[in-house]
Amino acid sequence: MKTAKTFQPSRRLILKAGAAGMLASAMPSFVGAQGAPIRIGFQLHRTGIGASYGRWYERTAQAALKLINEGGGINGRPVEILFEDDATDPKRGSEVVEKLTVQAGCDVVMGTLFSHVVIGSAPRAGELKVPYLVCSEGYHVASGMLNRWTMQPGITDVRSQISAMAPWVGANLGKKVTMIFPDFAFGHDHRDFFTKAMAAQGGEVIAQIAIPPTETSFTRYFPQIPADTEVLYHVMVGPAVLTFVKELGEFYGSGAKPQIFGFIDSLEAVDTATPGLEFLEGTHFWEGHNRVTPADAGEHEAAYRAAVGVDDMGASVSDAKDVSTYSHMFSTWETLFAIKAGMEAAGYTGPADRQKFVEAMEAMADLPYGMERPQGAKRFNGKTHQVFGTQNISQVQGGKLIRVHQTSMEDGAYEDAVDYTAMAF
Amino acid sequence: MTAARIWALHLALIAALFAAQYLLPPYHVTNLARIMVLAVFAMGYNLAFGYTGLLSLGHALFFAAGMYGGGLLSYHLGWTALPALIAGLAAGGMMAGAVGLLALRTTGVSFMIVTLMFAQAGYLTILYFGPTTGGDEGLNLPAAGRSLLGFSLSADGPRYLVALGLFSTALLCCLGIARSRLGRIMVAMRENEERSRMLGYNPFTVKLIALVLSGLFSGLAGAAYGVLFGYVGASFATIQYSILPMLYVLLGGAGTVIGPFLGALLMFYLIDFASGLTSAYLFFVGAALVTLVLFAPKGILGTIRERWLGWLP
Amino acid sequence: MSFGPFLLLALMEGMVTAAVLALSAAGLSLVFGVMRVVNVAHGEFYMLGAVIAWFVTTMIPGSPAVAFVAALVIAPLLVGALAAAADGLILKRLNYDPEATIVATIGLLYMIQQAVLSLYGPNANPVAAPFEWRIQLPWFGYSGYKLFVVAAAATLLLAVWALMTRTKAGLVMRATQIDRTTARAFGINVDRVYMGTFALGAGLAALAAVLIVPIQQAHYLMGGDPLLLSFIVVIIGGLGSLRGTLLAALIIGLSDGVISMFFSPTLAKILATLLVAMVLVFRPQGLFGARA
Amino acid sequence: MAALIEARGLTLHFGGLRAVDGVDFDLRAGEIHALIGPNGAGKTTLVGLLSGRRRPDQGTIRFAGEDITRLPAHARVRLGIAYTFQITSIFPRLTVFDNVALAVQMQNHAPLKESVHAALERVGLSGFDRQIAGTLAYGHQRLLEVAMGLALGPRVLILDEPTQGLAAGEIEGFKALVQSLVPVASILLIEHNMDVVMDLATRITVLNFGKVLATGTPAAIRADKAVQEAYLGA
């Protein structure tokens, strides 16, 4: 579960973006493809605490859709996306799956970021026997908690991310770690998997500070950080992330401080040059997809940024202060291209082929780097319905996030916990 | 005469809802199943608020007590739907009884706040016991937990019938209560507590009974929502789910038997319809509420009863 | 960190929490005390104040202090005007009926939230403090602005107290509070008093938000927390008692800070919540309200 | 005759004011006992103590030999002490039928409809049963209040200024009604209308400044010098 904050949209820009979005959804693009369109439903955090992610998810998905339609659509048919707000609420999420599938007749439904919405919606998708492709980063798909119709082909889950990074943290930053995380499932995944991974490295988590989810002020928790902490590991979500990071800076002030390693979720959509964040200079972050274009970026990076409308700093091209949710939003792009690949492999013609589509997805394995996967090459595990990719560790240098390490796909591997292919449809 | 008319109306509603599953498109059938379960919740809220005058902001706690009371037993111990529903019913009633014993020492705005705070503590407790409850993410119930007397509730037909069965039972119970001596005492407590006391009724006892009844309905609805739709989660314990039944009741008409259903139905479709038209749908929901309260302050059925149909229960 | 500095920090944080509570509760105490209506949209007036502060500070270039002072003036005026309109167009027509008012203000809450979401966006945006000043203690650093918030809260409460007890407007409001009918018989225009009180309460919420937003962020959902906490503070303090409101804010703020030293944070929240509920159960008139 | 209600040393203070100050009071079975005294003498406070709406600071109350001092008001109603309010207190938004039914159904076994209609008939409100109580004329609301008291089937009926606001014709009917209640029930009557008091009461207690000034038959009270000074003469 996650949220993020803080960029500075201009009002004019938002109105423009809104108008463009309405036009786009009202008039599906028919460029370069013929026949009845393939309809993809999209559960979107348009309101509620996930709204700041939803905006960028919509924008990225629109960009990918345009590209797909320009390239001839799927199986020669045009593609359209129907966005529907889930209010970042599991009950409404489930209703939206219903609406998109039954009323709007969508072929597949794309799921969203917050894991409680995904978990609340998955049962209905399974009952309706509609493929449900989620972009939530949670460990709930690969853990076997959901069903055969739910897949996560666009983003690595949090367990894999953590397993891949922990060795680097232990080897480069320190062995005694204090963790600060939100006191709910997403934070508990971090707590459990990181603690285990550190122990495997001969390191130790010496304190775990769980922050209640209703908290809006954090300073009082910081004294619980033991003095012999070598690395402070932080991950925070929700509208208060910027407050959290600022208060951490105030707390350490100009005094001595440990190495700091954060999940970018603590700072997603936040400008690293925001006043009050100077203390982050020299600290490290995990990034799913590097916000600042790395010097050795792949050949498709520039085209992807141009298509979504993001500059080399990860901000909107029309407003440098409007920082994107860059580390997560690629997942909607890659999921759309995964749908295209799956449908083409299955020879998908309509809802009757939904099962064939799932089977075709399950048969996928190596997914090479390309315009379809701007974040990097991936490997899809058909049994666990989860994709695995590479992770990045960046350091704040001169107020910018500069990549200093990239993990390999193997670093994030773990044993399968489920074989969905053995389950009935 | 009146009695016959009243029973005819309510049985006709049930018959119409039975027929609806064959007449309506599938999308609306599933929506109706959801609405009927939510209406049971709202009817429970109506017993406390509409009839007895207890303005609670903590009913999410009773709904969640039922949802988890049934859901956890089916998730961890493999209970099937029927015992889970009964467990949820009992959990809702017991939670309401416990809250009532304390909260009913207060009245008015203090009662609102105390119930709200108990519900907030309940929500945090669900998060605190995350390994058992699934925390904020929640749990998907296993297939066994969703089978009732051999029928799988994940299939649309049985689900609709179970929802209809629960709704009809609740509706008729509610009608029975409203027309009973107890119902009259509950209303008396709302209308003039001091006079009721001087007629020999202990306000505390009457309110506690009303709250426990309300908790039973809410708990049953919570358990049913979990069992019928397969998901149990902490979001159902948030304040939003305390406000929802209040809105349903006020929209449909507080202190009317069918009002909660009508309110749930309208509210559901108001959101569903408006969100299809515009991304700013909450604005229209808000405007609709303000308009309604300005021009039909007693809710839809409350206004109809006042103007035209005085016999409506 | 050793216990002494730990406690010091907990107390300082508790003071700040108390100040934030007292600030956001002052307006509600007034509306609730004088008009006896439950304004569910109170938190949204607070949120609007913070968002307007962001717009104002973004538009006015140059020194953050100048922009901040401008926000301190503009936000309460705009929000107060909006509240006056809401009172005249909606609440007055409902005759302040308690149930109808709750529904109407829930409707208002949705409308304000959606309007802000559409026009301002879903993000939490920082508002620069009027000055940058950090205190470096031997054990930890601390934001000087937070201490300023404590002082501002004290000043504001003092001003409200003076308004209520030392001015004619205050006298009129207190008279209306005690008996609406009698006040009317004495020639007080109760409608205008209500509108003024409602606007003043909303303006105070906005003013509080401008003061607080530099240590939090402006976000369209930020109104929920102050609403709940303000209600709790106002009721624990005793209806319409500013002194009680202040003391309740101090008690809740400090106990919240100190309880969280001894229990796991979520458990601490549960205990603190139940504690406040129990206070209400066994002292329903509030800690400092007169027995009915 | 044995005392049905036996109060000894009842005292209740409001701040510095002794509203009821060491009152001994007996209500005998079958009597109509009027409680009179100037405004502020403590009449309503005293019946408040007897009915359980208030708790005394000191003193004891026995009902049919049983100590009921600490019994809450609703429990006393169940024992048979009914109270009708000084300021009309009915359920204005409910029908007349429901108002009375609420009283009737206190004794769970009673057949509802018949008993309600019987009670309404006794106070002369037959035919009003479907009307919303709040829309009744004021005098009728007073009668409804009495009907509710009657319908409880009480052993003691406390009537707090029942004739206030009644027209002259209505008062005559009311007097006949009260007389018809004894000796099945005993009546404690607070009344300002001296004609009503003198016609109805078998005994009278005079309160002044929270204390009992005198108790006795109407004739004795009329003759009492202290009473004449404090009250009748005034």
Side-chain angles (χ1 to χ4, degrees), chain B residues 49-50 53 55 57-58 99 101-125 127-130 135 238-240 243 246-247 249-251 254 274 278-299, chain C residues 32 36-38 40-41 44 86 89-91 93-95 97-115 117-119 224 227-228 231-232 234-236 239 264-286 289 292:
Chain B
F49 168 65
L55 183 52
L57 282 183
V99 167
L101 281 176
L102 290 165
L104 286 172
R105 296 172 55 104
T106 64
T107 56
V109 183
S110 289
F111 181 77
M112 279 168 58
I113 300 294
V114 170
T115 48
L116 177 91
M117 300 203 70
F118 278 127
Q120 181 72 2
Y123 168 65
L124 289 170
T125 305
L127 297 186
Y128 186 69
F129 291 103
T238 54
I239 175 159
Q240 203 193 338
I243 291 179
M246 179 172 77
L247 280 182
V249 166
L250 287 168
L251 188 62
T278 162
S279 59
Y281 67 92
L282 278 181
F283 193 88
F284 294 94
V285 173
L289 286 177
V290 171
T291 311
L292 186 94
V293 82
L294 279 175
F295 298 105
K298 299 207 162 152
Chain C
F32 198 41
R36 294 290 143 106
V37 298
V38 177
V40 185
E44 305 317 310
L89 292 175
I90 303 169
L91 298 189
R93 294 180 179 211
L94 298 176
N95 205 19
D97 172 74
E99 288 156 19
T101 303
I102 290 174
V103 185
T105 50
I106 288 175
L108 213 52
L109 171 146
Y110 280 146
M111 291 164 76
I112 295 175
Q113 272 189 8
Q114 180 68 61
L117 177 61
S118 298
L119 300 176
L227 174 69
L228 295 189
F231 263 118
I232 291 160
V234 167
I235 289 168
I236 294 250
L239 283 181
S264 92
T266 299
L267 185 58
K269 281 270 170 218
I270 297 174
L271 292 177
T273 308
L274 288 177
L275 183 76
V276 173
M278 288 305 161
V279 169
L280 280 175
V281 166
F282 293 103
R283 294 268 315 170
Q285 72 279 27

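Each chain gets a letter, A, B and so on, in the order the sequences are listed, and its residues count up from 1.
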Side chain to side chain contact (heavy atoms under 4.5 Å, CB included) involving Leu251(B) - partner list, sequence neighbours excluded: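 Side chain to side chain contact (heavy atoms under 4.5 Å, CB included) list for Leu251(B), sorted by chain: Leu266(B), Met267(B), Leu292(B).
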query: What pairs with Leu294(B) under side chain to side chain contact (heavy atoms under 4.5 Å, CB included), at least two apart in sequence or on another chain?
result: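 With sequence neighbours excluded, Leu294(B) shows a side chain to side chain contact (heavy atoms under 4.5 Å, CB included) to Val290(B), Ile90(C), Arg93(C), Leu94(C), given in chain and number order.
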Which region of [X], side chain (C-beta onward) or backbone (N, CA, C, O), has a non-hydrogen atom less than 4.5 Å from a non-hydrogen atom of chain C, or is it both or neither?
X	result
Ile243(B)	side chain
Leu104(B)	neither
Phe49(B)	side chain

- prompt: If you count heavy-atom pairs under 4.5 Å between each of Ala100(C), Ala277(C), Ala104(C), Gly107(C) and chain B, which one has the most?
  reply: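 Going by pairs under 4.5 Å, I would pick Gly107(C).
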field: Which of Val285(B), Thr125(B), Leu55(B) touches chain C most, by non-hydrogen pairs under 4.5 Å
entry: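 Max contact count across the listed options: Thr125(B).
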query: Under a 4.5 Å cut-off applied to non-hydrogen side-chain atoms, are Leu102(B) and Phe282(C) in contact?
result: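 Yes, their side chains come closer than 4.5 Å.
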message: Counting C-beta onward and ignoring hydrogens, is there a side-chain heavy-atom pair between Thr273(C) and Phe118(B) closer than 4.5 Å?
response: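 They are not in contact (no side-chain heavy atoms under 4.5 Å apart), so the answer is no.
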Between [atom1] on residue [X] and [atom2] on residue [Y], distance to nearest 0.5 Å:
X	Y	atom1	atom2	answer
Leu289(B)	Ile106(C)	CG	CD1	7.5 Å
Met112(B)	Leu280(C)	CE	CG	12.0 Å
Phe283(B)	Gln113(C)	CZ	CD	12.5 Å
Tyr123(B)	Ile270(C)	OH	CD1	11.5 Å

task: Side chain from CB out, backbone as N, CA, C, O: work out which of these in Ile102(C) comes under 4.5 Å of a heavy atom of chain B, or both, or neither.
output: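 Just the side chain, heavy atoms under 4.5 Å.
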